Structures are given as C-alpha cells and as structure tokens.
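Throughout, protein chains are lettered first and strands after them, A, B, ... in sequence-line order, and every chain is numbered starting at 1. This structure is a prediction, so every number in the text was calculated from the model and none was measured.
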Amino acid sequence: MTAIMLRADQPFDLDRTLSCGQAFRWEKADGRWQGVVDGRAVRIRQDAEALTFAGADERFIRDYFRLDQDLPAVLSSIDRDPAIGAAIRECRGLRLVRQPPWECLISYLCATNTNIPAVKRRVALMAERYGRRIDGPFETAYAFPEPEALAKVSCADLWDCKLGYRTDYVRDAAAYASEHPDWAERVAALPFEEARRALMEFRGVGPKAADCVLLFAFGFFEAFPVDVWIRRIVAETYLPDLTGRSCTPAEYERIRRFARDYFGEYAGYAQEYLYCARGPARHTE
DNA sequence: TGCCAGGGTTCTA
DNA sequence: TAGAACCATGGC
C-alpha cells in the first residue's frame, strides 16, 4: 500500500468524487473503493488527509484524481450565487477525474435514456466478457475492452451485454477507433467546439454524451452536460422561463451557453456540483 | 405495473 | 427546422 498526505488547503473527498456518477467502474466495500482504470485494478481509501492505495503508483493517482488542480481557485470562480454556493459547501472536495477517453466514450454511449446502475452493469459486462484479466489487489478484475476486442464481438453477443438499441452504436465506434487508433489524440488537440463536433460524428453521440466525454475524459472544463436533472435545476434556479419537460436541441444550446457565460471556464465543475447536490430523488449507489 | 432514467436517431409535417 | 415516435432495460 502507498500513501499520499493531502494538503490541507487542497480539499479532496474520495467518496463524493467516486459516487457522483461521473465514472462507472468503482464500487465501495468495507470502507474502501475498488475499481479498474486504464488497465489497473486499484484499491483506495481515504482517512481524513491520508489517501492510501494499491494497484497504481502515486503519479497515476495524482493524475487520475487531478490532485494537483487548484480546486479552491476553481470553486471560487464558479461560486456566483446561493444555489451553487450551497452545492459547493455540500460537495466540497469533489474533483473531476481524468477518465480514459475510449472507456468514457463507450460508457456515455451506454448512458442514453437510462440510469446509472444500468450503465455500470453494461460496462461491467463488456469488461468481464471481452476485457483483459488483471492481477491486482482484489480478485477477478477486468480491463475495459480495447476497440479491437469490441469490434470483433458479434451483434448478438454485444446485445447480451444489455446494450439494447445502443449495440450498433458501440460496434460502430469500436470499428472506427480500431481503424483510427489516434482518434483521441486528434480530438484532444482540437479547440473545444471542434472537438465537440468531432465526438458527435460518432453515431449515438449527441450533445449530452459529447459534453460528458469532453468534460470527464478530455478535461474541457467549459463543457456543461445537460441531462434531465441539470435541466430541472437550471429551470428552477436560473432560467425559469424554460417550459415543457423535454430538452430540445435549441434549449440544450441555450442552457449550455448560459452556463458557459455565467459560470465561466469551469462551468463543468458547476455542473457536477449541482448534479451531485441534487434533490432527494437521487439514484442509489 | 407504470414511470423514469447522466438521450439520440429517424421520420414527418 | 421543429416536433413526435421510437428505442431496450432496470430501479423504484
């Protein structure tokens, strides 16, 4: 086991960070989190300012959890009103992790019109069946399958991973990514709006999924994904003239541009804090 | 049992 | 171009 002593002036809340719904491969048992990230089976726990972990080195842990990002400065920049202020107080220490782009893309392809437990199940099934088995600090861990591995899977077998109508989207993305292994590097090198358009070239990736991948994998912090929860919060707090229940493309565009102008370059952090602090109907872990 | 969920695509007017 | 229909599944 390796330990990091966190700086008192740089808050970090492991529980908030891993339970807020941004990543789908972590589970908590006996006070410890275990998950699979980028081919590593990682076990980690937090006791106050001590972060103890196995399965990865300190550099990887710092990079994945963005421990070197100045979180107080980020939160100060988005703390614009009592609503986001309350979310910041409730969830202080939540950090946006740096997810592997390929896994993040497929995870959010699987996250359309569904709930978080179902997404976790789909991702876990794909990993168990088509991912590489990993030795680590806990038993039977599987890496998320590489594009080449998923591209070879039959439609029926992928369907059996509970993907439903998303099956063809995953197969198409796997075929493309295996033929263009530099796809993520090319997206990362683009300006934000161009990167967004590039991600939406994948069939099954619309504005919401693209914004999630930009935020959670590529570190475009101005991305502001609008799901049903965020739309509800924005309508109640910031844009009361929003009508109806569905989010039309024009409305999505209006909300994300409002958020970028209002919260600034770290609007994505505001989104995640509002999402994490949302009301009592939250999902179960 | 019905509604809802980290939506997107396709069809139609 | 906007709105409606449709899509599979699982939690509650």
Visitor: In whole Å, I'd like the distance from the CZ atom of A:R166 to the P atom of C:dG10.
Guide: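 Rounded to whole Å, this separation is 10 Å.
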Visitor: Tell me which nucleotide among C:dG10, B:dG7, B:dA5 gets nearest to the side chain of A:T112.
Guide: B:dG7
Visitor: For C:dA8 versus B:dC11, give the span between their P atoms, rounded off to a whole number of Å.
Guide: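 14 Å, rounded to whole Å.
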Visitor: Do A:Y108 and B:dG7 have a side chain to base donor-acceptor pair shorter than 3.5 Å?
Guide: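 Looking at the base of B:dG7, it does not pair with any donor or acceptor on the side chain of A:Y108 (distance under 3.5 Å).
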Visitor: Let me spell it out: for each of A:C212 and A:G204, pick the nucleotide of DNA chain B with the closest heavy atom. Which residue's pick is nearer the 5' end?
Guide: A:C212
Visitor: Nearest-Å distance, CG (A:N115) to P (B:dC4)?
Guide: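 The distance from CG of A:N115 to P of B:dC4 comes to 13 Å, rounded to the nearest Å.
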Visitor: Which whole-number value in Å describes the distance from A:L125 CG to C:dA8 C1'?
Guide: 14 Å
Visitor: What's the NZ-P distance between A:K162 and C:dG11, to the nearest Å?
Guide: 11 Å
Visitor: Which of these, A:R45, A:Q46, A:K28, sits in a side chain to side chain donor-acceptor pair (under 3.5 Å) with A:D15?
Guide: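 Checked A:R45, A:Q46, A:K28 against A:D15; only one passes side chain to side chain donor-acceptor pair (under 3.5 Å): A:K28.
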Visitor: Strictly by modelled atom types, are A:R25 and A:Q99 linked by a side-chain donor-acceptor pair under 3.5 Å?
Guide: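 No pair is found: no donor N or O on one side chain lies under 3.5 Å from an acceptor on the other.
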Visitor: Just how far, in rounded Å, is C1' of B:dT9 from CG of A:N113?
Guide: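 Atom CG in A:N113 sits about 12 Å away from atom C1' in B:dT9.
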Visitor: Ignoring backbone atoms, establish whether A:R121 has a side-chain N or O less than 4.0 Å from OP1 or OP2 of C:dG10.
Guide: yes
Visitor: Mind checking A:A250 for me? I need base, sugar-phosphate or nothing, with any heavy atom below 4.0 Å counting as a touch.
Guide: nothing
Visitor: Between A:D227 and A:R278, is there a salt bridge with N-O shorter than 4.0 Å?
Guide: no
Visitor: Which whole-number value in Å describes the distance from A:D168 CG to C:dA8 P?
Guide: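 Interatomic distance, CG of A:D168 to P of C:dA8: 9 Å.
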Visitor: Looking at every strand, decide which applies to A:F216 at a 4.0 Å heavy-atom threshold: base, sugar-phosphate, or nothing.
Guide: base
Visitor: Does CG in A:D241 sit with more than 12 non-hydrogen atoms of other residues, nucleotides or ligands closer than 6.0 Å?
Guide: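 Count over threshold, so yes.
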Visitor: C:dT9, B:dG7, B:dA5: which one has an atom nearest the side-chain heavy atoms of A:W229?
Guide: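 Of the options given, the side chain of A:W229 lies nearest B:dA5.
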Visitor: With respect to the side chain of A:V228, which nucleotide from B:dG7, C:dG10, C:dG3 is positioned closest?
Guide: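 So the side chain of A:V228 is nearest to B:dG7.
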Visitor: Would you indicate, yes or no, if B:dT10 has its OP1 or OP2 atom less than 4.0 angstrom from a side-chain nitrogen or oxygen of A:R203?
Guide: yes
Visitor: Once you round it to whole Å, what is the distance between P of B:dG8 and CZ of A:R196?
Guide: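 About 9 Å, once rounded to whole Å.
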Visitor: Side chain of A:R122 only, heavy atoms from C-beta on: which candidate in C:dT9, C:dG11, B:dG7 is closest?
Guide: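 Ranking C:dT9, C:dG11, B:dG7 by closest atom to the A:R122 side chain puts C:dT9 first.
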Visitor: Between C:dT9, B:dG7, B:dA5, spot the one nearest the side chain of A:D227, thanks.
Guide: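 The closest nucleotide is B:dG7.
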Visitor: Salt-bridged, A:R7 to A:D9, with N to O below 4.0 Å?
Guide: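 Here A:R7 pairs with A:D9 in a salt bridge, since their nearest N and O are under 4.0 Å apart.
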Visitor: Taking CD from A:E251 and P from B:dG8, how many angstroms apart are they, rounded to a whole number?
Guide: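 Interatomic distance, CD of A:E251 to P of B:dG8: 14 Å.
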Visitor: So if I take every side-chain heavy atom of A:W159 and compare against C:dT9, B:dA5, C:dG11, which nucleotide ends up nearest?
Guide: C:dT9
Visitor: Looking for any heavy atom pair under 4.0 Å, which part of the strands does A:P207 touch: base, sugar-phosphate only, or nothing?
Guide: sugar-phosphate
Visitor: Do A:Y64 and A:D38 have side-chain N/O donor and acceptor atoms under 3.5 Å apart?
Guide: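 No donor-acceptor contact under 3.5 Å links the two side chains.
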Visitor: Describe the nucleic acid contact of A:V205 in one word from base, sugar-phosphate, nothing, applying a heavy-atom distance below 4.0 Å.
Guide: sugar-phosphate
